[in-house]
J.: 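Sharing a structure here in C-alpha cells format.
This one's a predicted model, so the numbers in the text were calculated from it and none came from an experiment. Here is the naming used below: chain letters follow the sequence lines, and residue numbers restart at 1 for every chain.
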Amino acid sequence: MSVIRGRVWKYGDDVNTDVIFAGKYTYTINDPAEMAKHALEDLDPRFVKEVKPNDIIVAGKNWGCGSSREQAATCLKENGLGAIIAKSFARIHYRNCLNTALPVLTCPEAVDVIQDKEMVELDLAAGEIRCGAGTFRFPPLPETVMGIFEAGGLIAYTRKKLAAR
Amino acid sequence: MGQTFAEKILAEKAGLAKTVPGQIVEISPDIALSHDNTAAIRGIFEKMGGVKVFNPKVHAIILDHATPAPTTEHAENHRIVREFVQEQGVEHFFDVGRGVCHQVLVEEGLALPGEVVLGSDSHTTHAGVMGAFGAGIGRSEMASIWALGELWLRVPESLKIIVHGKLSPSVTAKDLALHIIGELGSDGGLYMSVEWHGEAIEALDLSQQAVLPNITAEMGAKNSYIPPDQKVFSFLKDRSNRQYEPVYPDPDASYTKIVEYDASTIVPVIACPHTVDNVKPLSEIAGLHIDQAFLGTCTNGRLEDLGAAAAVLKGRRIAPGTRMIVIPASSEVYLDALRAGYIETFVAAGAMVQSPGCGPCMGNHMGIPAVGEVIISSANRNFQGRMGTRESEVYLASPEVVAASAVAGAIIHPRYLQEGRG
Ligand code: SF4
C-alpha cells in the first residue's frame with residue numbers, strides 16, 4: 001500500500017460532502033457497496049462508471065467541506081480510490097478518510113501542475129508524489145497512519161494492535 | 001525559523017525537535033474528555049476488543065448534555081456511563097449537576113497550559129483559554145485513545161488574530177468573536193490553529209477570554225489558543241496539583257494568515273439564523289420580537305456573564321409574552337451567583353433558573369422552542385433545529401443583550417432600555 005499508482009480525476013475548490021455523497025441517501029443506504037454507486041453523483045456522473053482501483057482524486061482547496069457524514073469517505077474508499085491529493089481538506093472529512101484507510105495528502109504545489117487523467121505515483125512511506133511535471137515532497141506518514149491503512153481502518157487497526165499487546 | 005503554538009506543542013508531545021503544518025504526528029493526550037457520549041464510545045471500545053482502558057487517569061468524564069435525565073433512555077445512558085467509570089476506575093468523573101464539560105474541565109484544573117486535551121465534543125477548543133491545545137475528535141478516535149493511549153494528529157496551519165486597542169464598554173468578547181467569525185466566515189479558520197494576540201485580548205478577564213477559544217470552533221478551527229499569563233497561573237494555583245509548563249509561540253513563527261483588528265471599531269453584534277457567521281450589527285435587528293431568552297452554556301454561562309445579565313435585570317421584569325431561562329455553566333458558578341445575589345435577581349425578574357448543564361443548547365430539554373418561535377441565546381450555535389425545533393429561529397448575542405431583550409420582549413441593547421426600573 002506504500003506506493004499507489006493511478007489515473008487522476010481532477011476537481012476544483014470547495015467540493016462538499018453533499019456532492020460526494022448526497023444527504024438524501026444518508027438514512028436510506030447503509031451498505032458500503034450500495035454507497036459506492038452514488039459517489040460524486042452530483043459532481044461527475046462518469047466517476048463511478050469509469051473509476052479504476054488506485055485512481056487518484058486531485059482537488060483544490062477545502063475538499064470535503066460541509067456535513068461531517070462518514071459515508072463521504074466510505075463511498076470513495078469502496079470505489080477502490082487510491083488517494084486524494086488536495087490543496088486543503090475540511091477537517092472532519094480529512095480524519096474520516098484516514099480513519100477509513102483512504103490516504104489523503106495536502107500538496108498545493110502538486111495540485112497546481114497535475115493534469116486531469118495523467119498517471120501519478122504516490123509513495124506514502126517516502127513522502128513523494130511523482131507526476132509528469134516532476135516530483136513533489138510531503139512529510140512521510142508515520143507508522144500509526146500506515147498501520148491504519150494496512151489494517152483497513154482505525155477500528156480494525158486498534159483491534160489488531162490491542163490483541164497484539 | 002520559529003514555530004507557532006501548535007507546531008511547538010505537537011513537536012514536544014511527539015518527542016520531535018520541530019514539526020511543520022501538514023505533518024502527521026502521534027501523541028498521547030494529557031486529558032481525554034467525553035460526556036454523555038461515553039456510553040456510545042464504550043460500545044465502539046468493546047468492538048475494538050477493549051476491556052481495560054489504557055490509562056484511567058487521563059479520562060475526564062462529565063455528564064452534562066441531558067442532565068438531569070429527561071427520559072428513561074437518557075437515564076439508562078447515564079447509568080451505563082457510571083458503570084463504566086466504576087469498572088475502569090476513572091479518576092476524573094463528574095456526575096449530573098456539576099456543569100458543562102468545558103467549564104468543569106477548567107474549574108477542576110484539568111486543562112493546563114502546555115497540555116493537550118482531546119475531547120469527543122466540537123467545542124473542546126475551549127481548553128485554549130488555559131493555554132492548552134484543545135481539539136475535538138470523533139467517537140471511534142476516542143475509543144482508540146481509550147484502547148491504545150494515543151492518536152494521530154495533523155499539525156495544523158496557524159492563523160494569528162491580533163486585536164489592538166481597547167473594546168468600548170458596551171462591547172463584549174462575544175461581540176468581538178462574532179464580528180470576526182462574520183468576517184472570516186464559518187470556514188475562516190478551517191483546520192487551523194487560531195491564536196489570539198494583542199492588548200485588547202490581554203485586557204479581557206478569564207471569563208471573557210474563554211468565549212474566544214470556545215466559539216472559534218464555529219470558524220472550523222482545530223484548536224484555539226490564548227497565550228497564558230499571570231491570570232491563568234493565579235487561577236490554577238489552588239485548582240491543580242499537577243506540574244505544567246506553558247508553551248508560547250516563537251516571535252518569528254510563520255503563520256498562514258495574520259489578521260488584525262482595531263478593538264475600538266467593534267460594535268455590538270448578533271448572529272442571525274441559521275449560521276454563526278450570519279452576523280449583523282445589533283442595531284439592524286433591534287426591535288424583533290422574541291419568545292424566549294436563554295442565558296447559559298459553555299460560551300457564556302459563567303459568573304461574570306450572569307453578573308452582567310443580573311445588572312440589567314435588577315429591579316426589572318421579563319416582558320409579558322417572553323420567557324427567560326438561566327442555566328449556570330457549573331455548580332461552582334451557581335453557588336457564586338447565589339452568594340452574589342444574582343439568582344435572586346433572576347427569579348424576582350421572572351426568569352427560570354435551572355440546574356447546571358447544557359440545558360436546551362442542543363435541543364435536549366429544558367426550554368425547547370415551539371414552532372415559529374424566536375429565541376435569543378448566549379450560546380455558540382444557531383443552526384436550524386439546533387434547539388430542538390426545526391421551525392424556530394435562534395439569534396446569538398452577549399449575556400447583557402440576552403437579558404435586555406428579555407426585559408423588552410424584543411431584541412435590544414441594554415443601553416436603550418428605558419430608565420425607570422420596576
Ligand atoms: S453548552 Fe452547548 S455548546 Fe457547550 S458543550 Fe453543551 S451542548 Fe455543546
J.: Would you say that A:Leu141 contacts B:Trp152 through its side chain, given a criterion of any heavy-atom pair below 4.5 Å between the two side chains?
T.: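 Not touching, per the 4.5 Å side-chain cut-off.
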J.: About how many Å separate CG of A:Asn62 and CG of B:Asp187, when rounded to the nearest 0.5 Å?
T.: 5.5 Å
J.: Would you say B:Lys18 has more than 12 foreign heavy atoms packed within less than 6.0 Å of its NZ?
T.: yes
J.: Give a yes or no on whether the backbone of B:Gly138 and the side-chain of A:Arg95 come within a donor-acceptor separation of less than 3.5 Å.
T.: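 Answer holds: no.
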J.: Kindly give the heavy-atom pair with the smallest separation between A:Pro142 and B:Glu26, and that separation in Å.
T.: CB-OE2, 3.3 Å
J.: Going by heavy atoms in the side chains, are A:Thr106 and B:Arg154 under 4.5 Å from each other?
T.: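 SC-SC contact between A:Thr106 and B:Arg154 confirmed.
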J.: Given side chains that start at C-beta, do those of A:Asn99 and B:Ser140 come closer than 4.5 Å, heavy atoms only?
T.: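 Side chain of A:Asn99 against side chain of B:Ser140, heavy atoms only: no contact under 4.5 Å found.
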J.: Is it the case that the ring center of B:Tyr191 lies less than 6.0 angstrom away from the ring center of A:Phe89?
T.: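 No - the distance between ring centres of A:Phe89 and B:Tyr191 does not fall below the 6.0 Å cut-off.
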J.: By a 4.5 Å heavy-atom criterion (distance strictly below it), what part of A:Leu105 contacts chain B: side chain, backbone, both, or neither?
T.: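 Looking at A:Leu105, nothing touches chain B.
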J.: Quick one: closest heavy-atom pair of B:Gly22 and A:Pro139, and the distance?
T.: C-CG, 4.4 Å
J.: Could B:Arg139 and A:Glu70 be called an ion pair, given the rule that one side-chain N must be under 4.0 Å from one carboxylate O?
T.: no
J.: Verify side chain to side chain contact (heavy atoms under 4.5 Å, CB included) between A:Thr144 and B:Leu151, making sure each step is shown before the conclusion.
T.: CA-CA 8 Å; A:Thr144 316; B:Leu151 187 68; over 6 Å; no
J.: Work out which heavy atom in A:Leu154 is nearest to a heavy atom in B:Met48; give both atom names and the distance.
T.: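 It is O-CE, 4.5 Å.
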J.: So B:Glu46 and A:Arg159, salt bridge (Lys or Arg N to Asp or Glu O under 4.0 Å) or not? Walk me through it.
T.: CA-CA 9 Å; B:Glu46 284 168 357; A:Arg159 195 187 308 121; over 6 Å; no
J.: In the structure I gave you, are the side-chain heavy atoms of B:Leu148 and A:Tyr157 within less than 4.5 Å of one another anywhere?
T.: yes
J.: So which atom in B:Ala147 and which in A:Leu162 form the shortest heavy-atom distance, rounded to 0.1 Å?
T.: O-CD1, 3.6 Å
